There are 2 protein chains.
Amino acid sequence: MREFDVIRRIASLAAQRKSHPALITGIGDDCAVIQPAARTDLVFTTDFLIEDRHFKHETHTARAVGHKALARSLSDLAAMGAEPVFCLVSVALPPHRTSRWIDGFYRGVLALADQHRISLAGGDLSQADRVIADVMCCGSVPRGKALLRSGAKPGDRIFVTGKLGRAAASNWRVKPVPRLETGISLRGLATAAMDLSDGLSLDLRRLCLASGVSASLTGKLPIASGATLDQALHGGEDYELLFTARSSTRKRIAGSTEVGVIQSGEPGLILFEGKPLLPGGFDHFA
Amino acid sequence: MREFDVIRRIASLAAQRKSHPALITGIGDDCAVIQPAARTDLVFTTDFLIEDRHFKHETHTARAVGHKALARSLSDLAAMGAEPVFCLVSVALPPHRTSRWIDGFYRGVLALADQHRISLAGGDLSQADRVIADVMCCGSVPRGKALLRSGAKPGDRIFVTGKLGRAAASNWRVKPVPRLETGISLRGLATAAMDLSDGLSLDLRRLCLASGVSASLTGKLPIASGATLDQALHGGEDYELLFTARSSTRKRIAGSTEVGVIQSGEPGLILFEGKPLLPGGFDHFA
């Protein structure tokens, strides 16, 4: 199959969808063209999904790989409180992968894209020894309203959505669900936010470093059924949201649990039940 | 070296630069945040650069790889007539690549970024068997002024910038120069435009298919010194601009050569000296 035919098929799959009103020109030109709405900021993220690192051929169907590749980047939009606008999906794959596999991959991408009304606007195709996908997502927020990691203040309460350790307990086979609606509901409420991609211990440390604060976790974590405490603290890939809010905030965010408090200690130091917690999450270069 | 340290070093290199005024939040959060200027469209492209496919470790220094990774995407901005705004640079590399290599790679990226005033706003880092870079670039154009592939009409003249076959003749060792200033000067003048990444024969076919036209090339191509006709027609990676303009256009675009005329024949058909020319350029899935 020639690259041109693959692109034509993907473009035809994408064209069957109603595209985001901001998308003027999609797949097929040198660039996608976007007309940003007035008084909005745009947010951008990009994430690799690499065979034998983030998924295995034996346990993940092509559709599951496509789903996960897009879900990882959508989760970053959720962390900013952004609404999805468009994505660029690039994939390099071994020559022995069939056109059926490529089709399945893009169907996985597009099924999740349809759910969250994000348009597939372009990407790149190439060959590699193993499958490597790279997905760039763009989202929009009202001007100045993006949720950052850097706004947590001593006294703020720490929250997480959902249950922790679910991905690790399933041996990373569960389909990640990006928390986009929750992210949007956090605008103007969360003082800091990020998504839990590498585990609570490592990600909370990052949030604290960005905010120049420390944190104390209580022992009462929302642990997923079947998961261990270790998996809940360090498991990674849960794609839940981690956020902070003023202690005076009375509004409850549905599906979230208070897990600790921000303190004015050594930046990045995390206490768990009073003792220092070493970051044990996923580090690509460890 | 841990991922966090690598990111911190890259962020520190990027922070030494004056960032684009549209960039509100750069490296270090879940997403980069951009505040688009009023009455502009934004254009987006992403391109892989893969070891042993687009470069070789033996012949390309880390800096040359960084330069080429960014240049490929900048060339797509040039093709749209866009001014560079920001880029996201992702790289997956084998564990045996030293921190010196990573440093060199990013210095190559940033040296070219400085030349064209594009801000490094984020990316991703991971591991792979061979180096795979994926660079996303965003550019801006006045609203409605992006140059597309689809506007060529019968009678329009066909032009290319620079000399063709230069990359092939050098065995792909020359540093590509993205034609950003030329691209901007084509706004309101070119009826269609794209960059020459895969060779004139294949890329002109794509432009003609997008415009629903055919083309006739004259024998008078601007062939690079040392290159063969075959390299000029099919070589690829020249990153010059291919564009069409009304025959009535009297304004000359500096450094460009007229090479043919658009015709109302079978869409995508290219004649060279009157005979059908088969696309012989680079196809990642051929």
Side-chain angles (χ1 to χ4, degrees), chain A residues 1-6 24-25 28-36 38 40-48 50 53 76-77 79-80 82 86 88 90 92 95 121-130 132 134 136-139 141 143 146 148-150 193-195 206 210 283-286, chain B residues 1-6 24-25 28-36 38 40-48 50 53 76-77 79-80 82 86 88 90 92 95 121-130 132 134 136-139 141 143 146 148-150 193-195 206 210 283-286:
Chain A
M1 188 172 34
R2 292 181 73 86
E3 185 182 1
F4 191 80
D5 298 322
V6 180
I24 308 299
T25 303
D29 219 296
D30 292 77
C31 292
V33 183
I34 299 292
Q35 192 171 100
T40 58
D41 289 341
L42 295 177
V43 305
F44 298 90
T45 182
T46 187
D47 281 283
F48 276 128
I50 300 182
R53 189 151 191 92
D76 284 324
L77 297 191
M80 306 297 286
F86 77 96
L88 304 177
S90 298
D124 196 8
L125 278 174
S126 196
Q127 283 189 4
D129 304 326
R130 305 183 210 199
I132 299 201
D134 190 30
M136 195 286 286
C137 278
C138 167
V141 285
R143 189 150 286 184
L148 303 180
R149 296 181 180 182
S150 52
M194 68 182 294
D195 75 324
R206 289 171 175 153
D283 186 314
H284 295 277
F285 281 69
Chain B
M1 188 172 34
R2 293 181 73 86
E3 185 181 0
F4 191 80
D5 298 323
V6 179
I24 308 298
T25 304
D29 219 295
D30 292 77
C31 292
V33 184
I34 299 292
Q35 192 170 102
T40 58
D41 290 341
L42 296 177
V43 305
F44 298 91
T45 184
T46 186
D47 280 282
F48 276 128
I50 299 182
R53 191 154 188 86
D76 283 325
L77 298 191
M80 306 297 286
F86 77 96
L88 304 177
S90 298
D124 196 9
L125 278 174
S126 196
Q127 283 188 5
D129 305 325
R130 305 182 209 200
I132 299 200
D134 190 30
M136 196 286 286
C137 278
C138 169
V141 285
R143 189 150 287 184
L148 303 179
R149 296 180 181 183
S150 52
M194 66 182 295
D195 75 323
R206 288 171 175 153
D283 186 314
H284 296 277
F285 281 70

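The shown structure was predicted, so the numbers you read here are calculated from the model rather than taken from an experiment. Numbers restart at 1 for each chain; the letters A, B, ... are given by sequence-line order, proteins then strands.
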Any chance you could measure [X], atom [atom1], to [Y], atom [atom2], to the nearest 0.5 Å?
X	Y	atom1	atom2	result
Cys31(A)	Met194(B)	SG	CE	11.0 Å
Arg149(A)	Arg206(A)	CZ	CZ	6.5 Å
Cys137(A)	Asp47(A)	SG	CG	8.5 Å
Met136(A)	Asp124(A)	CE	CG	13.0 Å

Tell me, for [X] versus chain B, whether the close heavy atoms (under 4.5 Å) come from the side chain, the backbone, both or neither.
X	result
Met80(A)	side chain
Thr25(A)	side chain
Pro95(A)	neither
Ala121(A)	neither
Ala128(A)	side chain

Largest heavy-atom contact set with chain B, pairs under 4.5 Å, which of Asp30(A), Asp41(A), Ile34(A): Asp30(A)

When Gly122(A), Gly139(A), Ala92(A) are compared by non-hydrogen pairs under 4.5 Å with chain B, the top option: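 Of the options given, most contacts go to Ala92(A).
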
Over 60° means perpendicular and under 30° means parallel, so tell me whether Phe86(B) and Phe44(A) are parallel, tilted or perpendicular. tilted

May I ask you to name which of [options] has the most heavy-atom pairs under 4.5 Å with chain A?
options	answer
Leu77(B), Ile50(B), Asp195(B), Asp76(B)	Asp76(B)
Asp29(B), Leu148(B), Val43(B), Ile132(B)	Asp29(B)
Thr40(B), Ile24(B), Val141(B), Thr45(B)	Thr45(B)

Closest contact, heavy atoms only, Ala193(A) versus Ala79(A): CB-O, 3.5 Å

Would Thr46(B) and Asp134(B) count as having a side-chain donor-acceptor pair, cut-off 3.5 Å? yes

